[in-house]
Amino acid sequence: MLQQVIFILMAIFTLGMALGTVTARNLFHAALFLVGTFAGVAVLYVLLEAEFLAVSQVVVYIGAIATLIIFAIMLSRSMMGKEAGAMNKQWLFAAGGSALLFIVLAMLLSKVPFATQVAPVPPDTIEQIGSSFVGVYVIPFEVASVLLLVALIGAIMLARERHG
Amino acid sequence: MAIPLSWYLIVAAALFCIGFYGVLARRNAVAILMGVELMLNAVNINFLAFWRYVRPEEPLGQVFAIFVLAVAAAEAAVGLALIISIYRTRKTINIDNIDLLRG
Amino acid sequence: MDLSSIDLRAIGAWFHGLLISSGMSQTGIHVIEALVGALLLLIFGLTLVIFLIWLERKLAGRIQDRLGPNRVGPYGLLQTVADALKLLTKEDVTPLDADRVPYNLAPGLAVFHVIMALAVIPFSNRVIGADINVGVLYLMAVGAIGSMAALMAGWASNNKYALIGGFRVVAQLLSYEIPLVLAMIIPVMVSGTMRMNGLAVAQGSIFGFGWFVWTLPLAFLIFFVASLAEGERAPFDLLEAESEIVAGYNIEYSGMKFAWFFLAFFMNSWVLAAIGTTIFFGGWQGPFVDQLPALGVIYFLGKTMILFFVQAWVRATFPRLRIDQMMSFCWKFLVPMALVLFAAVAIILKLNLPQPLEAITLLVANVAILLTGVTLLGRTQRKALYAPKRAFTPTIPRL
């Protein structure tokens with residue numbers, strides 16, 4: 001009961017923040033709404049008993065990605081306010097398409113019976129994640145680290161100012 | 001469990017559609033990137049919901065969500081670097097104006 | 001009163017019984033207990049700050065050959081209360097072009113993130129808000145919210161000094177988070193748990209010989225330096241360098257909103273000291289703590305105060321660094337050293353040595369890495385210092 005109430009409140013909060021993100025005219029406000037969305041999603045993860053992911057979500061999304069986005073907004077801030085509008089010409093079609101997609105998905109998801117099992121989460125989930133990163137999924141893990149390194153170098157190369 | 005699985009899936013679907021709308025409708029490149037992040041978040045909710053309700057004894061869903069997290073971080077870094085770079089040369093990050101290759 | 005009868009859990013049990021007897025549902029009791037716990041932590045934090053501000057001002061005064069606050073109350077103890085009252089009566093100014101909602105949200109968020117961090121800190125074996133299994137990671141997450149608050153304040157004030165302060169916040173806090181986290185992860189690796197209380201329990205051998213600061217002194221040093229930067233303290237207080245950017249991100253704030261930033265600053269320092277105590281100084285561990293659980297709180301607060309004292313001491317003593325010096329110190333010195341230490345500790349733990357030998361190997365590795373790092377740093381710095389300085393560099397014409 002309590003969980004359901006929290007879930008509904010958090011779902012409304014998250015979706016409201018997400019709507020704010022895509023509709024806010026001020027980009028900085030959009031970024032703050034985005035932070036709110038990330039926080040709401042983290043709470044949903046806690047309700048799913050995935051504490052590790054919830055905390056990682058806050059660290060990576062709020063601590064790194066949102067900060068980076070706000071940083072980019074600050075760097076290109078002379079752009080703000082000059083735009084004719086936040087939306088482009090096709091926004092009405094986009095809204096219609098997204099709404100249609102949501103309706104189809106929602107109808108599908110409420111119809112399909114998934115084979116759910118009500119099993120408790122094992123207490124050593126974090127250990128399981130850790131050992132599967134160096135066990136079964138060692139190659140994807142290494143590829144992900146190489147990807148991050150490449151992204152790091154690429155971002156520096158792209159963004160640095162060229163002198164002369 | 002008090003909350004049915006379909007609730008999570010519907011919230012994730014709604015989040016995905018909102019992000020989708022943001023990607024399609026916004027003019028500003030940074031705002032489009034924010035839409036992509038919303039979509040990735042929706043995907044992660046789905047991964048974790050299925051992990052919790054279908055196979056909680058195996059960490060597959062969580063592992064995949066962590067990979068999505070890593071890819072999202074890389075994507076944000078490179079995407080924002082591209083945006084900064086475009087802003088430097090073209091003095092705009094409005095996607096409608098970045099159409100050098102248009103015939 | 002018999003001291004051994006003070007068991008803080010008994011109070012909790014009494015309260016629990018009281019709630020049950022009122023005939024509430026299980027969920028209701030759970031919610032109320034969590035709220036009461038949060039409220040207690042909040043009150044504790046806010047009361048503590050009054051004392052901390054007085055302590056730091058008094059210490060700084062003594063170190064700089066002044067008296068410090070000495071007018072209001074005995075030893076000036078009530079000076080902070082008087083200051084708080086003064087700030088309350090001040091006019092609450094909002095700049096005309098400020099971004100109102102983020103502007104007003106930022107001070108609250110700044111205090112909020114520190115109080116959230118208090119939730120996972122074990123005051124004693126039994127007094128802990130929530131002993132979650134991702135405690136160390138949670139502290140990092142909470143820290144991320146803190147830098148967001150400073151960023152919001154810097155942007156929303158619509159002031160160029162505040163904006164530069166905001167940029168500096170991102171640069172400094174994000175950079176120093178890396179060595180901080182690496183240093184925090186090393187004890188986690190040794191003890192095999194991310195629970196804050198688990199870390200304190202893991203250091204419980206006789207007379208404090210199990211403390212991680214003995215086996216991992218370099219990790220503690222890196223943690224301490226990084227925590228000075230995370231706490232925005234001198235020599236890393238570039239976020240509020242008065243002589244460069246006036247006061248950084250909180251320049252436009254006045255009255256009570258400024259007081260909130262001030263409060264968050266001191267509480268953040270204390271929380272960082274408390275984290276250091278828990279991770280490296282055995283937390284609540286101490287003699288006779290098994291017989292008298294209440295002693296744990298005293299040990300914990302005592303150790304934390306000592307660490308806080310060292311922070312204040314450093315702040316009162318050292319001059320401020322330049323921003324490029326600060327950044328290169330982090331990226332070229334702290335991060336590589338932390339990474340090397342991390343790898344070395346991982347290898348040593350994998351060797352599966354018997355206990356005393358493992359501790360000694362860890363200590364030797366720490367000291368060796370520290371000495372190598374400091375030697376290299378000293379050599380390069382000396383080279384830069386004594387490099388011949390010319391009025392102009394002659395250019396060699398290319399053939």
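We use all heavy atoms of the structure for the numbers below, so side chains are in, but hydrogens, waters and symmetry mates are not.
- Minimum interatomic distance between A:L15 and B:L15 (heavy atoms only, all atoms of both residues): CD2-N, 3.8 Å.
- Among B:L69, B:L33, B:V11, the residue with the largest count of heavy-atom pairs under 4.5 Å with chain A is B:L69.
- Closest heavy-atom contact between B:R26 and A:T21: NH1-O, 3.2 Å.
- Minimum heavy-atom separation, B:L24 to A:Q90: O-NE2, 3.0 Å.
- Contacts between B:L80 and chain A at a heavy-atom distance below 4.5 Å involve the side chain alone, from C-beta outward.
- Nearest heavy atoms, A:I129 versus B:P59: CG1-CB, 3.9 Å.
- Interface check for chain B: of the options A:F33, A:F7, A:F141, A:Y45, the most heavy-atom pairs under 4.5 Å are formed by A:F7.
- Residue with the most contacts toward chain A among B:G79, B:A72, B:S6, B:G35: B:A72 (heavy-atom pairs, distance under 4.5 Å).
- Considering every non-hydrogen atom in both B:V30 and A:L27, the closest pair reads CB-CD1, 4.4 Å.
- For the 3.5 Å distance criterion, the side chains of B:N41 and A:Q57 qualify, holding a donor opposite an acceptor.
- Nearest heavy atom pair, residue A:A94 against residue B:A25, reads CB-CB, 4.1 Å.
- Most heavy-atom pairs under 4.5 Å with chain B: of the set A:L101, A:L100, A:V136, A:I126, this distinction falls to A:L101.
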